[in-house]
There are 2 protein chains.
Amino acid sequence: MDESAYLASYDRSRYVAPLLSVDAVLFTYHDEQVKVLVVRRSRHPEQGKWALPGGFVDEDADDSLDDTVHRKIVEKTGVKAPYLEQLRTFGNSSRDKRGWSVTVVYTALIAHQSCAPLIETVSDAKWMAVSELADHELAFDHGMILQAAIARLRQKALYSIVPAFTLPDEFTLPELQRVHEALLGKPLEKKSFRRRIEQADLLIETGFKQSVSGRPATLYRLKPGAGEYTFLRNLEQ
Amino acid sequence: MDESAYLASYDRSRYVAPLLSVDAVLFTYHDEQVKVLVVRRSRHPEQGKWALPGGFVDEDADDSLDDTVHRKIVEKTGVKAPYLEQLRTFGNSSRDKRGWSVTVVYTALIAHQSCAPLIETVSDAKWMAVSELADHELAFDHGMILQAAIARLRQKALYSIVPAFTLPDEFTLPELQRVHEALLGKPLEKKSFRRRIEQADLLIETGFKQSVSGRPATLYRLKPGAGEYTFLRNLEQ
DNA sequence: GCAATAGTGTCTCTCAGACAATATTGG
DNA sequence: CCAATATTGTCTGAGAGACACTATTGC
């Protein structure tokens, strides 16, 4: 049999594959806190519990897994996340009561303001502060997945400015430093923080902005590709 | 309907999910070269082409995706790989002619000697030098996946001693340096290389060993957990 | 001027790069 | 002793940590 004959006779529905889903850990920064989007499950299993937003591949709508997760995030927030990266895939026989299941998990970052309009009007989605996660039990193994996502983002705070994607397009250096500090759970040296970003030439200056009080801070915008840059030397852990 | 009634009525075979497979990029070091294990496909599709070792989850044999990939590597090499880490999951509608497909890809490292007995006797698996990969077309998108795996391992050579898992249990520092140099494609400073490993206290000294000629090099063994250690500062790229 | 916040100057310390020097083996 | 390889000494420079200092705003 040649390949075209094989393909013509191939019937995918004959094979029972593990359940495959895609989930997103969507982070933002608001009110001095790093937060994560959780949605209430409207269906079985784990009905009523809070869970990570996610779902199944739609073979007609999605050309790739990235498409699937982008689509799911837009469904919940109304906008496309400016930073998206695969975290890891979790697959085993016990994580879903329906049987062997696999979920491809992404980390996404978004500015709070850009999705506030939609999130605030719905009751089945909300931002949960990372610091209060321990108080809530999530569906499936999503609590553990969330911990893995936080650990990875925390690492990125040490050697990149990826956390900037949790802020609006235009942001100040003190704001960015506060995001990093919230992730790392400790204060950072202002001078070191600014110096390395300045030397790496990752930002474009724009205008000005008043804080609540004191000297106004310079507003910056990320240069294209700034999210891919990694510093040669980490901040101290 | 409560959850147990839902689960009792749930029939997984009603849902057609994307094809799900697991693939491994298994690296080793031999004859001054970093090499990758490729296997010849015995079946359609892409019959006869070289591909990454991999396969499907066996829901009875495997409790997790890690189990699946471990099992597949043992099938091909006869032994369990001492280092295994998820690389990334690739999923889209075009990578497999059978339709929407997803593959969870792992990077694994193993000593050449530990699997030589089996590999050398079979004709459907062989080590391919990373440097000659451009000359061979691989099945599916495995060529691109391989490039991603190499890029990641190359990065790890800059901030970890993970490449040590391509060597036998006992190895010398000059040997390890040669692995890193092969990955990075350039010579490294002997002193810097040794100093950082010594300071991080990652190795245990054992006995001695003769090289082809000259002063014999000290043999070391990895301390438990040495693969997870990351240096704060990268080697220069 | 004062409080509050943004931003700078500058010293120290760690650690990678460079490369010369020394050590240990087999012939 | 010589060739070959392993291992160490040590100087330089980049860049993070520490912390004091200056700048700019609203009141």
Side-chain angles (χ1 to χ4, degrees), chain A residues 32 155-161 164 167 170-221 229-237, chain B residues 32 155-161 164 167 170-181 183-220 229-237:
Chain A
E32 310 289 306
Q155 272 304 109
K156 283 194 188 288
L158 295 172
Y159 62 77
S160 81
I161 57 165
L167 295 173
E170 298 192 3
F171 58 89
T172 68
L173 283 178
E175 271 174 353
L176 180 56
Q177 184 173 342
R178 284 191 289 270
V179 177
H180 282 246
E181 288 173 338
L183 281 167
L184 298 171
K186 66 162 201 183
L188 293 173
E189 277 302 321
K190 195 166 43 172
K191 181 65 178 186
S192 310
F193 189 79
R194 302 177 70 99
R195 185 174 40 202
R196 67 202 317 248
I197 291 178
E198 182 174 21
Q199 284 186 2
D201 191 28
L202 300 173
L203 305 180
I204 300 165
E205 205 168 321
T206 59
F208 263 136
K209 174 186 166 187
Q210 267 75 254
S211 279
V212 185
S213 65
R215 176 175 172 178
T218 310
L219 276 168
Y220 296 92
R221 183 189 306 280
Y229 183 84
T230 58
F231 295 96
L232 280 187
R233 198 165 153 182
N234 282 19
L235 294 176
E236 272 181 11
Q237 327 238 350
Chain B
E32 310 289 306
Q155 273 304 108
K156 284 195 189 284
L158 295 172
Y159 63 76
S160 79
I161 56 165
L167 294 174
E170 299 193 3
F171 58 88
T172 69
L173 284 177
E175 271 174 352
L176 180 56
Q177 184 172 346
R178 284 193 288 271
V179 177
H180 282 246
E181 288 174 339
L183 282 167
L184 298 170
K186 67 161 200 184
L188 293 173
E189 277 303 323
K190 200 165 37 174
K191 180 65 180 188
S192 310
F193 189 79
R194 302 177 69 100
R195 184 174 40 203
R196 68 204 315 249
I197 291 177
E198 181 174 21
Q199 283 184 3
D201 191 28
L202 299 173
L203 305 180
I204 300 166
E205 206 168 320
T206 59
F208 264 134
K209 173 185 167 188
Q210 266 75 252
S211 279
V212 185
S213 65
R215 176 174 172 177
T218 309
L219 277 169
Y220 296 92
Y229 184 85
T230 59
F231 295 96
L232 280 187
R233 207 166 146 179
N234 282 19
L235 294 176
E236 271 181 12
Q237 328 236 349

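Each chain gets a letter, A, B and so on, in the order the sequences are listed, and its residues count up from 1.
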#### Entry: Heavy-atom donor-acceptor pair, B:Arg196 side-chain to C:dC15 base, under 3.5 Å
no

### Query
Quick one: bend of the helix from C:dG1-D:dC27 to C:dG27-D:dC1 from 5 pairs per end, to 10°?
10°

Which whole-number value in Å describes the distance from [X] [atom1] to [N] [atom2]?
X: B:Tyr220; N: D:dA6; atom1: OH; atom2: P; result: 12 Å
X: A:Glu198; N: D:dG15; atom1: CD; atom2: C1'; result: 13 Å
X: A:Glu205; N: C:dA6; atom1: CD; atom2: P; result: 15 Å
X: B:Leu176; N: D:dT7; atom1: CG; atom2: C1'; result: 15 Å
X: B:Asn234; N: C:dA16; atom1: CG; atom2: C1'; result: 11 Å
X: A:Leu188; N: C:dA6; atom1: CG; atom2: P; result: 15 Å
X: B:Glu181; N: C:dG17; atom1: CD; atom2: P; result: 12 Å
X: B:Phe231; N: C:dT14; atom1: CZ; atom2: P; result: 18 Å

### side-chain hydrogen bond (donor to acceptor under 3.5 Å, both in side chains) partners of B:Glu170, counting only residues at least two apart
B:Arg221

### Message
Once side-chain hydrogen bond (donor to acceptor under 3.5 Å, both in side chains) is applied, do any residues pair with B:Gln155, and if so which ones, sequence neighbours excluded?
### Response
none

### Query
Contact class for A:Thr218 (heavy atom, under 4.0 Å): base, sugar-phosphate, or nothing?
sugar-phosphate

### Task
Compare side-chain N and O positions of A:Arg194 against OP1 and OP2 of C:dG7 and report whether any pair is under 4.0 Å apart.
yes

### Query
Please, which pairs that meet salt bridge (Lys or Arg N to Asp or Glu O under 4.0 Å) have at least one residue in residues 189-201 of chain A, sequence neighbours excluded?
A:Asp201-A:Lys223

### Message
Per the salt bridge (Lys or Arg N to Asp or Glu O under 4.0 Å) rule, what does the pair list look like for residues 171-181 of chain B, sequence neighbours excluded?
### Response
B:Glu175-B:Lys209

### Summary
Sorted by position of nearest nucleotide on DNA chain D, 5' first, the leading residue of A:Gln199 and B:Leu219 is B:Leu219

### Task
By nearest nucleotide on DNA chain D, pick out whichever of A:Leu232 and B:Glu175 is the more 5' one.
B:Glu175

### Message
What's the separation between atom CG in B:Leu176 and atom OH in B:Tyr220, rounded to the nearest 0.5 Å?
### Response
11.0 Å

### Message
Quick check on DNA chain C: between B:Arg233 and A:Leu173, whose nearest nucleotide comes earlier from the 5' end?
### Response
A:Leu173

Any idea which heavy atoms bring [X] and [Y] closest together, and the distance?
X: B:Val179; Y: B:Leu167; result: CG2-CD2, 3.8 Å
X: A:Leu203; Y: A:Phe171; result: CD2-CZ, 3.9 Å
X: A:Leu235; Y: A:Ala157; result: CD1-O, 4.0 Å

### Query
How would nucleotides 18-27 of chain D be written as a contact map, 5' to 3', with B for base contact, S for sugar-phosphate-only contact and - for no contact, using protein heavy atoms under 4.0 Å?
BB---BBB--

### Query
With distance as the sole test, does B:Glu205 use its side chain to make a donor-acceptor pair with the main-chain N or O of B:Thr218 at under 3.5 Å?
no

